[in-house]
Amino acid sequence: MSKISKLFKGSSSSSSSSSSKHHRSRGGPSPQEAIHKLRETEEMLTKKQDYLEKRIEQEIMIAKKHGTKNKRAALQALKRKKRLEQQLTQIDGTLSTIEFQREALENSHTNTEVLKNMGFAAKAMKKVHENMDLNKIDDLMQDITEQQDVAQEISDAISRPFGETFDEDELLAELEELEQEELEDN
């Protein structure tokens, strides 16, 4: 059994077996539950990191204290420090993996929610368009165009002047004659 699986099984064996049975009956944990568990694991590993860093500092102090007086004790302290540093490196890698998995799960959950909402909106749009028939819309648009044409004809008819209509060319010719007479008089 790997160190990681021992670490996870050893941390909460009684609660994980009851909760995993509960999750299996529902088809697995929800994204929120999984994210919560990953955050708890990150917190636990961060606390362990802090603990290991303090232990490393203690081993360095022990090695310095024994220094040249007791080389065997100093070397033992340095060996313990090396083992603790290896554990710290492993925890750093594990934390990176857990952080990556948590971020991927959060992104997946977000994408799922977005897709659900887009599907919901698509159903609403389909319902809105359900009673619309393209042929009826075309007919309606033609009716509107015809009515606008009728309205324009009415408007043109109303705006035409009543009574006598004069030929503009004749009126312009008459105006020109009057202007010529006035020039001759002057």
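Values below: every heavy atom of this structure, side chains too, minus hydrogens, waters and symmetry copies. One-based numbering along the sequence shown.
- Not one N or O on the side chain of Ser155 forms a donor-acceptor pair closer than 3.5 Å with the backbone of Ala151.
- Taking the side chain as every heavy atom from C-beta outward, His66 and Ile62 approach each other to under 4.5 Å.
- Shortest non-hydrogen contact noted between Leu105 and Pro31 is CD2-O, 3.9 Å.
- Asp50 contributes atom CG, which lies 12.5 Å from atom NZ of Lys48 (distance to the nearest 0.5 angstrom).
- Taking CD of Gln90 as the start and CD of Gln87 as the end, the distance is 7.0 Å to the nearest 0.5 Å.
- Annotation: the span from Arg80 atom CZ to Leu75 atom CG amounts to 10.5 Å, rounded to 0.5 Å.
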> What's the verdict on side-chain contact (heavy atoms from CB on, under 4.5 Å) for Gln180 and Glu177, showing C-alpha distance, side-chain angles and the deciding distance?
Replying inline: CA-CA 5 Å; Gln180 274 301 340; Glu177 282 178 29; 5.6 Å; no
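- In the hydrophobic clustering, where aliphatic and aromatic side chains (Ile, Leu, Val, Met, Phe, Trp, Tyr) are joined below 4.5 Å either directly or transitively, Leu175 stands alone.
- Atom CE of residue Met125 and atom CE of residue Met118 lie 9.5 Å apart, to the nearest 0.5 angstrom.
- Residues that satisfy the side-chain contact (heavy atoms from CB on, under 4.5 Å) test with Leu172, not counting sequence neighbours, are absent from this structure.
- Residues satisfying the side-chain hydrogen bond (donor to acceptor under 3.5 Å, both in side chains) criterion with Glu176, sequence neighbours excluded, are absent altogether.
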>> Pair Glu103, Glu99 - check side-chain contact (heavy atoms from CB on, under 4.5 Å), show working.
In response: CA-CA 6 Å; Glu103 289 171 357; Glu99 184 177 322; 3.5 Å; yes
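- Donor-acceptor pairing under 3.5 Å is recorded for the side chains of Asp156 and Gln152.
- Counting all heavy atoms, side chain and backbone alike, Gln49 lies closest to Leu88 at CG-CD1, 3.6 Å.
- For the residue pair Ala77 and Ala63, the shortest heavy atom distance occurs at CB-N, 3.9 Å.
- For the atom pair NZ (Lys82) and CD (Gln86), the distance works out to 8.5 Å, reported to the nearest 0.5 Å.
- Using a 4.0 Å cut-off between charged side-chain N and carboxylate O, Glu59 and Arg55 make a salt bridge.
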> Given Lys116 and Thr112, is the side-chain contact (heavy atoms from CB on, under 4.5 Å) satisfied, shown in steps?
Replying inline: CA-CA 6 Å; Lys116 280 182 194 175; Thr112 301; 4.0 Å; yes
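- The side-chain contact (heavy atoms from CB on, under 4.5 Å) check on Glu40 picks up His36, Lys37, with sequence neighbours excluded.
- Two different hydrophobic clusters hold Leu84 and Met61 under the rule that ILVMFWY side chains link at heavy-atom gaps under 4.5 Å.
- For CD of Gln101, the number of neighbouring non-hydrogen atoms (other residues, nucleotides, ligands) closer than 6.0 Å is 12 at most.
- Interatomic distance, CD of Glu85 versus CD of Glu53, reported as 10.5 Å (0.5 Å rounding).
- Here the shortest heavy-atom pairing between Ile91 and Leu45 reads CG2-O, 3.7 Å.
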>> One pair to check against side-chain contact (heavy atoms from CB on, under 4.5 Å): Met44 and Thr41. What are the steps and the verdict?
In response: CA-CA 5 Å; Met44 183 225 5; Thr41 304; 4.1 Å; yes
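- Shown here are the side-chain contact (heavy atoms from CB on, under 4.5 Å) partners of Asp133, two or more places apart in sequence or in another chain: Asn135, Lys136.
- Think of Ile144 as one node in a network of Ile, Leu, Val, Met, Phe, Trp and Tyr side chains linked at under 4.5 Å; its network also takes in Met132, Leu134, Ile137, Leu140, Met141.
- The 12-atom threshold is exceeded at CD of Glu113, counting heavy atoms of other residues, nucleotides or ligands nearer than 6.0 Å.
- Ion pair Arg39/Glu106 flagged as a salt bridge, since at least one NZ, NE, NH1 or NH2 atom sits closer than 4.0 Å to an Asp/Glu carboxylate oxygen.
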